Structure formats: structure tokens, C-alpha cells
Amino acid sequence: MAEQALSMYSEMKRGGSLHPNTDTYVALLQGCTMLKDIGNGTEIHSRLGELETDLFVGSTLISMYGKCGLLDKAHEVFVRIQKQNVVAWTALIAGYAEHGHGEIALKLYKKMQEAGICPNAITFVCILKACGALRATCSGQMIHAEVESKGLMQTNLFIGSAVVDMYAKFRLLEKAQDVFNKLSLRNSVSWNALISGYSNIRQDQRVLECFHRMCFESVFPDGITFACALKACGNLNDINTGHNIHTEIGERDPVKKQAFVCNALINMYAKSGSLLKAQQVFNSLPARDVVSWTALISGYAEHEHGEEALECFEQLKVKGLVPNAVTYICSLKACGAIGAVEKGEEIHTEIERRGLLEEGLVGSTLVDMYARCGSLTKAQQVLDTLSLRNVVSWTSLMAGYALIGKGEPVFANFSRMLSEGIQPNFITFVVLLNACTVSGLLNKSQTYFQAISKDFGIIPLLEHWTCMVNLLGCLGESINVENMVDKLSVIPDMVLWCSVLGACKNWGSLRFAEQVFENIGIN
DNA sequence: GTAGGGTTAG
């Protein structure tokens, strides 16, 4: 439709005899908005002349620029409109709300009311969205109360869904669920608002419960519902449900053609380790975007197929696609896993060239890659250049030193990390205790072990006890191992028992080994 | 006749 409108427009320009009216221009600009065709949109705008200030044409222009993220242009048009009504205001607010400028959206909302214009249902939807994105809980609750008092919650499904979505974005899922339960009508959008909320806080079991419940209540899931459900299956390793959903999608024509649904399928199989299925779905796609490739790379990288992951990384570039930050992160993980340091260096150069080093987890993954490959000098260099050094990047570096048997730099970097005001996490302590083991430092390890709870308020976990048992075992402190097992504040798992048995084997403590086997229940 | 909801790779 939109394409047709634009080709009619070309025809009109060629003929030169047609005189489009406001309706024609509104339709044309809507076409450009749908196609995100800002080139044609701007050209049409330049031909408008006086018509630009018409309320209908002007509002459509604001919407077009707003949706395409050209907010300054949207604002300029808004100012030139003679008498802005609620539609013009809302179109402008929507633009800001949709492009991460919730703060401005809220300010405009206030100004609109100061100008004597009352918000309507659509304005509320936009402003609820802005509150959700900003995590503006106070304003959000006030707006919620206002729409409630106007009785809009029960009469307008858009509003009901927007309120559920807002609380979900606040991560107040109990509240979101509460609002949802009180809705008199629910459609796929209200369900999706709730489901995506659970999905974002990784309540994957809840996601699937909602999914089934929704189907039971005869509300048809759409592409977005399927995408959330598949993500949950991947996280839960629930390949059965995932496969059932796959079958269901195959029977639903518009849904199975949506790119993001197909990508969610690839991801589900890849995450659950069904790499063959992931590759099959991938191969069957008519068009593959960078997300499809990245989902596949991630699957290979996480399941010990580093070579395949890097092969995909090359292929995607051959196809003319541009890797993004997530693609680099997954590919670097593959390099770290198989020790492909040269490939890692190549990717590093690419990241620097494209200015992506500070994006998300790119920097810490790069440190981790060098550390795993044993290139500690490079790892240290990268860490030093990062403007934001977090606990993950510090710990990765320290783990790398421990891995090659160097304890001293682990302790030195730990001090530097603390002096920068970064708090260690439980993995940091695992690394520190391992460093004590490789350096044979019993006293130091005991100091760190005590510091876990005393200075940092973390309860020592299984992993920390295992480190201590390993250390005592290495040093031949068999009596201390026995004492430690008596004092455990955690329920031992097989990993810990194996460490204990390792210590027994080192020092020939057959008697204690027999006790261990009794404990595990093997005689 | 102009403005509005939920989504995939880390």
C-alpha cells in the first residue's frame, strides 16, 4: 500500500497536472512513515509550503519525523503549527517517548496541560510508555491513578496493556500481574506486556505458564508471544516445549515469516545445544540478518564448537553483513574457548576501528579472551585502556594470571581493583583462593576466606569451600581437610566430594575416603 | 481525515 502511494506520487510529479490536497499529502506522508522512507518524506515536506501548518498535515509530519527519530525536525514543525491540539501534542510526545527521551516527553506532557490542552487516551498511552522507560515510578503511579479515576482502564485495552507494561518495566511484576488480573478484557497485547515482563526478569517458568494459560483462554499468541516463549524454553533447556512451539509456528502463516520469530527459534535450539536443529532452521530462512548469524555463533561458541562459531563469523562478513557489539562478544568467547588468540587480535582491531570497545560487555569480554589465551600483557593493556573497569573485567584478568600459575599479579590487581572502589563478587574470591593454591599460600587463603563474610558480607559458597579443600589437599594438610569437612556451612556437591577424594588420594587417607563414600551413599 | 500497545542475538 505504502509503496503504491509513493509510486503514485512519482507519477503525479511527472504529469505535473495533478494538484494533491491535504488528504493526499497525509496519505503520502503516512506511507513514508510506514516505510521509514525519510528521503521521500523530506522531499514531500519541502513541497508543502503553507500546507505544512495545517493541523492534519502538520501532525502527520510530526509523527513521521518522530517515528524516524528526527526529533528536532518534528519539534520545528510542531512550533510552526498555528493552534496545536491534543493530536499534535501527542504526536510530538510519542516521538520523544519512543526514542529514549522520556524526560522530554514528560516535560511536554506538563507543558501541554499548562497550555490548557487535556490529555486523551492516546496521550496517556504515550506517557505511560515514557514513565516505564524512565523507571519513573512516582509519575507512573500518578498517571495510573488518573486513568483509573477516569474509568479508562476497563474501557480501553490500549491503556490497560500500557499500564501492565509500565509496571513490568518497573520490574514490579506483582503489581503488573495485579493490574492484569483486574482487566475486564485481555488480548494478545496485554498478555504480551505481562509475559515480556516476566521474560525480562528471567522468570522463565512464569513465561511458559502465562503462555499456556493464554492459549487455554483462547487468546491467540502472536509473533511476540512466541518469541518470548521460545526464549524461556532456551533458558530452561526445555527442548520439548520449544519443539512443540516450533511445530505450532510452522502452521501459522504470517508468524512463521517474521524474522525475529525465526531468530528466536534459532536461539532456542542453539542455547539448548541442539546445534543441528539451529543450523537447519538457519538454513531454511529466506533471509538472514545479523541477529540470525549471531544467535548461531553464540550457540557454537557456548557449546564447544569454537571453530564453527568463527567460521560463521567469517561467513557473515562475506555475505556483506556488519557485525555488531553482540556479534563481537560471541565471537570473542569462541576465541577464548579455543585459544584462537590471533583471530581474537583481529577482532580486537576491528572493534577499536569501529569504536565499540566501550559498548556493553565488549571490553570485559576482550579482557577475558586474552586472559583465557594466556596473553596477560594484552589483557592487562585492554583493561587499563577501559574507561569503565567493572568487577567482571578485573576478575577475568585475575583468573588469567591464576590460570598460568602466577599468584602475585592476582593479588596486586585485586588491590588495584579495591582502590578503584570496585567491590569483588563471589567469583573474584574463587580466583583469589585459586591464586593462593598455585602459590601455596595457606595463611593468605585463610585471610581471604574470612574476608568473604567479614569484609564483603557474602556467605562462602560451595565453590569457595571447594577451593579451600583443593588448597589444603595440595599442601598435604589432610587433617585440616577432615576438620573443614566437619565445619562445612553448605551441603557438599559432587565437585566438592571429588576434591576431598583428590586430597585423600594425594595423601593416602584411605580411612577418610571410605567415610566420604559412605556420605555420598556409595559403598 | 492527523497521534497510541507488546519482540529476537549478550
Side-chain angles (χ1 to χ4, degrees), chain A residues 21-27 29-30 33 54-64 66-67 74 77-78 81 84-95 97-98 119-130 132 156-166 168-169 187-197 199-200 221-231 234 255 258-268 270-271 278 282 288-299 301-302 316 323-333 359-362 364-365:
Chain A
N21 58 16
T22 53
D23 285 359
T24 327
Y25 279 124
V26 165
L29 293 168
Q30 282 177 328
T33 309
D54 173 84
L55 203 46
F56 295 104
V57 176
S59 300
T60 316
L61 270 173
I62 296 169
S63 173
M64 178 187 76
K67 282 227 170 63
V77 177
F78 175 81
I81 290 180
Q84 298 93 345
N85 66 356
V86 64
V87 179
W89 277 101
T90 305
L92 188 63
I93 291 172
E98 265 174 46
N120 64 17
I122 303 177
T123 322
F124 282 124
V125 169
C126 298
I127 215 67
L128 285 163
K129 189 176 183 175
N156 190 314
L157 255 173
F158 282 91
I159 297 256
S161 306
V163 174
V164 172
D165 180 58
M166 180 187 74
K169 294 256 158 54
N187 63 3
S188 61
V189 180
S190 23
W191 274 105
N192 287 348
L194 187 69
I195 289 175
S196 69
S199 174
N200 282 329
D222 61 10
I224 295 173
T225 328
F226 284 124
C228 290
L230 287 168
K231 189 178 188 175
V255 175
Q258 286 177 291
F260 71 86
V261 175
C262 300
N263 290 342
L265 263 175
I266 297 172
N267 181 49
M268 184 272 295
K271 208 162 215 168
F282 179 88
R288 295 149 198 143
D289 61 14
V290 67
V291 179
S292 341
W293 281 98
T294 305
L296 199 60
I297 293 173
S298 160
E302 298 285 339
L316 129 155
N324 61 24
V326 183
T327 322
Y328 288 127
I329 289 167
C330 298
S331 307
L332 287 172
K333 279 193 180 166
E359 194 126 318
L361 304 173
V362 171
S364 54
T365 312

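This structure is a prediction, so every number in the text was calculated from the model and none was measured. A note on names: the letters A, B, ... follow the listed sequences, proteins ahead of strands, and every chain is numbered from 1.
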For [X] and [N], give me the distance from atom [atom1] to atom [atom2], rounded to whole Å.
X: A:Gln30; N: B:dG4; atom1: CD; atom2: C1'; result: 14 Å
X: A:Leu332; N: B:dG10; atom1: CG; atom2: P; result: 15 Å
X: A:Ile297; N: B:dG10; atom1: CD1; atom2: P; result: 11 Å
X: A:Asp289; N: B:dA9; atom1: CG; atom2: C1'; result: 9 Å
X: A:Ile159; N: B:dG5; atom1: CD1; atom2: P; result: 12 Å
X: A:Phe78; N: B:dT2; atom1: CZ; atom2: P; result: 18 Å
X: A:Arg288; N: B:dT8; atom1: CZ; atom2: P; result: 22 Å
X: A:Ile195; N: B:dT7; atom1: CD1; atom2: P; result: 11 Å

What contact category does [X] fall into here, base, sugar-phosphate, or nothing, at under 4.0 angstrom with non-hydrogen atoms?
X: A:Asn267; value: sugar-phosphate
X: A:Asp54; value: nothing
X: A:Gln84; value: nothing
X: A:Ser190; value: nothing

Of the candidate nucleotides [options], which contains the atom at the shortest distance from the side chain of [X]?
X: A:Asn324; options: B:dA9, B:dG1, B:dG5; answer: B:dA9
X: A:Ser196; options: B:dT7, B:dG5, B:dT2; answer: B:dT7
X: A:Lys169; options: B:dA9, B:dT7, B:dG4; answer: B:dT7
X: A:Asn187; options: B:dT8, B:dG5, B:dG10; answer: B:dG5
X: A:Val87; options: B:dG4, B:dA9, B:dT2; answer: B:dT2
X: A:Asn120; options: B:dG5, B:dA3, B:dA9; answer: B:dA3
X: A:Val189; options: B:dA9, B:dT8, B:dG5; answer: B:dG5
X: A:Cys126; options: B:dG4, B:dA3, B:dG1; answer: B:dG4

Taking 4.0 Å as the cut-off, does a side-chain nitrogen or oxygen of [X] come that near to OP1 or OP2 on [N]?
X: A:Lys129; N: B:dG5; value: yes
X: A:Ser298; N: B:dA9; value: no
X: A:Ser63; N: B:dT2; value: no
X: A:Lys271; N: B:dG10; value: yes

Look at the side chain of A:Thr22 and the base of B:dG1, then say whether one donor and one acceptor between them are separated by less than 3.5 Å. yes
With a 3.5 Å cut-off and just heavy-atom distances, do the side chain of A:Ser59 and the base of B:dT2 make a donor-acceptor pair? yes
Is A:Phe158 stacked on the base of B:dG4, meaning ring centres closer than 5.5 Å and planes within 30 degrees of each other?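 Answer is yes, a stack.
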Main chain of [Y], side chain of [X]: is a donor-acceptor contact present, judged purely on distance under 3.5 Å?
X: A:Glu98; Y: A:Lys67; answer: no
X: A:Asn192; Y: A:Ser188; answer: yes
X: A:Ser199; Y: A:Ile195; answer: no
X: A:Ser298; Y: A:Thr294; answer: no

With A:Leu128, the side-chain contact (heavy atoms from CB on, under 4.5 Å) member among A:Thr123, A:Val163, A:Asp165: A:Val163
Apply side chain to side chain donor-acceptor pair (under 3.5 Å) to residues A:Asn263 and A:Ser292 and explain how you reach the verdict. CA-CA 5 Å; A:Asn263 290 342; A:Ser292 341; 2.8 Å; yes
